[in-house]
Amino acid sequence: MSDLSVSASADRLADASVPAMRARAPRQRLSAAAGLAGLLVLLALPLTAGGYWTFTLGLCFANAIAILSVSFLVRYGGEVSIGHGVFVAAGAYTVALLEKYLALSLLFSLPVAAVAGAVLGVLFSYPSRHLSGIYLAVATMALALALPEVLLHFSNVTGGYGGLYVNLDALPGVSKDMQRYYMPLAGLVAVVLLLRHFRRSRQAMALLLIRSSAHAAESFGIRRSWARLSCMALSAGIAAVAGALLSFSSSTVSPNSFTLWTSIFLLVGSVVSLYSLSIAGSVIGGLFLTMVPLLLAGAGDWVPVLYGAALLAVVLGFNALPADLRARLEGSRS
């Protein structure tokens with residue numbers, strides 16, 4: 001094919017893409033405006049909501065970040081984790097221990113917690129880099145099962161059953177209730193923006209390529225082991241940020257907060273959010289994860305049944321929504 005024909009084909013493709021881009025532009029502007037309006041509502045909510053809702057929504061935002069970490073692993077690594085509560089616990093205990101022994105507030109300990117989570121993710125993923133599917137899921141579940149016993153074994157450091165307290169202010173001069181709300185919200189917005197930037201990078205495309213076709217990716221020099229380490233490190237780092245903010249919002253950490261059920265609920269929240277990497281989707285998952293156990297607290301033996309029914313209702317209800325609305329909730333699929 002001559003250079004002239006190639007150039008003409010490229011011109012025709014470019015001309016054909018112009019109407020599609022123009023058609024998408026209004027939807028993108030509308031989606032951006034709706035997202036900004038929703039963010040403004042969340043920013044103003046503490047001015048009208050009571051202390052109970054301020055506290056609960058702070059926990060919801062922290063849980064939403066943890067759900068993002070699971071969704072990221074599913075979408076870019078193609079793997080399911082039943083042990084992400086371990087990385088959340090790493091971030092939570094990092095903040096609590098740095099406050100206890102070094103008197104550092106959340107602003108200083110949060111980056112350390114993110115690094116600690118990422119390092120723990122690499123330490124786990126390197127020996128398990130050849131596992132996938134159900135085998136990797138079982139390996140992560142083993143981590144979640146062992147975590148409470150490990151924390152209790154080192155009770156002289158972790159505080160045992162009583163746990164540790166997180167009391168230092170992150171923003172001096174601001175009321176504690178407002179800090180517990182705005183710090184997790186700021187963390188959620190920051191994580192979503194960083195993920196949006198990442199999704200447009202070459203590294204993200206490389207991870208998606210090796211997920212869809214490992215042989216094709218290796219022909220381009222992209223190693224599967226690198227992809228596995230990268231996905232787990234990033235996902236674990238995000239989970240640790242969630243744990244750090246969760247410990248700050250709840251003011252305490254203990255082994256009872258990081259059982260196997262914690263990791264299972266994070267996976268459930270990720271399913272409810274449709275593995276979204278957007279603020280809207282992750283907040284919906286966080287609300288489900290935070291509110292449903294509170295609403296069902298008095299149901300006794302019916303809790304598992306009602307929880308499963310609520311999960312089915314949410315998932316089936318999302319699938320019944322119009323495609324455009326589902327796409328906005330999910331965020332663009334990279």
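The structure displayed is predicted, hence computed values, not measured ones.
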Any I284 side-chain heavy atom under 4.5 Å of V272 side chain: yes
Remaining members of the apolar cluster that contains Y165, side-chain heavy atoms under 4.5 Å: none
Shared hydrophobic cluster for Y101 and V115 (ILVMFWY, side-chain gaps under 4.5 Å): no
ILVMFWY cluster, L168 and L104 together (side-chain gap under 4.5 Å): no
Donor-acceptor under 3.5 Å (S69 side chain, A236 main chain): no
V157 with V253, same ILVMFWY side-chain cluster at under 4.5 Å: yes
The single option from V241, L266, L120 passing side-chain contact (heavy atoms from CB on, under 4.5 Å) against F87: L120
Residue pair S282 / S71, side-chain heavy-atom distance below 4.5 Å: no
Co-membership, hydrophobic cluster, residues V119 and V88, 4.5 Å side-chain: no
Rounded distance [0.5 Å steps], CG in L102 versus CG in L97: 9.5 Å
Contact check, side chains of L188 and V283, non-hydrogen atoms, under 4.5 Å: yes
Rounded distance (nearest 0.5 Å) linking atom CG of L45 with atom CG of L40: 12.0 Å
Value rounded to 0.5 Å, distance of NZ in K100 from OG1 in T158: 8.5 Å
Cluster companions of F154 among Ile, Leu, Val, Met, Phe, Trp, Tyr (side-chain spacing under 4.5 Å): V150
Within-4.5 Å side-chain heavy-atom neighbours: V268 and L289: no
Non-neighbouring partners of T94 that pass side-chain contact (heavy atoms from CB on, under 4.5 Å), sequence neighbours left out: L98, V112, A113, A116
Y181 and F61 aromatic centres sub-6.0 Å: yes
Taking every non-hydrogen atom, the tightest pair across L229 and S125: CD2-OG, 3.0 Å
I238/L195 under side chain to side chain contact (heavy atoms under 4.5 Å, CB included): CA gap, chis, key distance, verdict: CA-CA 10 Å; I238 296 170; L195 286 177; 3.9 Å; yes
All pairs passing salt bridge (charged side-chain N to carboxylate O under 4.0 Å, His left out) where residues 147-173 contributes a residue, at least two apart: D169-K176
Donor-acceptor contact present, side-chain E79 to main-chain L73, <3.5 Å: no
Give every donor-acceptor pair under 3.5 Å between a side-chain atom in residues 135-145 and any protein atom, sequence neighbours left out.
from: T140; atom 1: OG1; to: I82; atom 2: N; distance (Å): 2.9
from: T140; atom 1: OG1; to: L136; atom 2: O; distance (Å): 3.3
from: T140; atom 1: OG1; to: A137; atom 2: O; distance (Å): 2.7

Heavy-atom pair with the smallest gap, counting every atom of L277 and L68: CA-CD2, 3.6 Å
Residues forming a side-chain contact (heavy atoms from CB on, under 4.5 Å) with A170, sequence neighbours excluded: L106, L107, Q179, M183, F248
Of all pairs that satisfy side-chain hydrogen bond (donor to acceptor under 3.5 Å, both in side chains), the ones with a partner from residues 232-251, not counting sequence neighbours: H84-S235, R180-S251
Contact check, side chains of T252 and V166, non-hydrogen atoms, under 4.5 Å: no
Straight-line distance of L260 CG to F265 CZ, nearest 0.5 Å: 9.5 Å
Donor-acceptor pair, side chain of S273 and main chain of S270, under 3.5 angstrom: yes
Validation row: Y76, R199 side chains within 4.5 angstrom (heavy atoms): yes
CZ-SG distance between F288 and C60, expressed to the nearest 0.5 angstrom: 12.5 Å
Sequence-distant partners of F258, ring pair (Phe, Tyr, Trp, His ring centres under 6.0 Å), two or more places apart: none
Selection residues 103-120 - residue pairs positive for side-chain hydrogen bond (donor to acceptor under 3.5 Å, both in side chains), sequence neighbours left out: none
Ring pair (Phe, Tyr, Trp, His ring centres under 6.0 Å) partners of Y93, counting only residues at least two apart: none
Considering only distance and modelled atom types, tabulate donor-acceptor pairs under 3.5 Å from the side chains of residues 49-56, sequence neighbours left out.
from: T54; atom 1: OG1; to: G50; atom 2: O; distance (Å): 2.9
from: T56; atom 1: OG1; to: Y52; atom 2: O; distance (Å): 2.9

Listed partners of D177 passing salt bridge (charged side-chain N to carboxylate O under 4.0 Å, His left out), at least two apart: none
Shared hydrophobic cluster for L171 and L245 (ILVMFWY, side-chain gaps under 4.5 Å): yes
Whether T262 side chain and T259 backbone form a donor-acceptor pair below 3.5 Å: yes
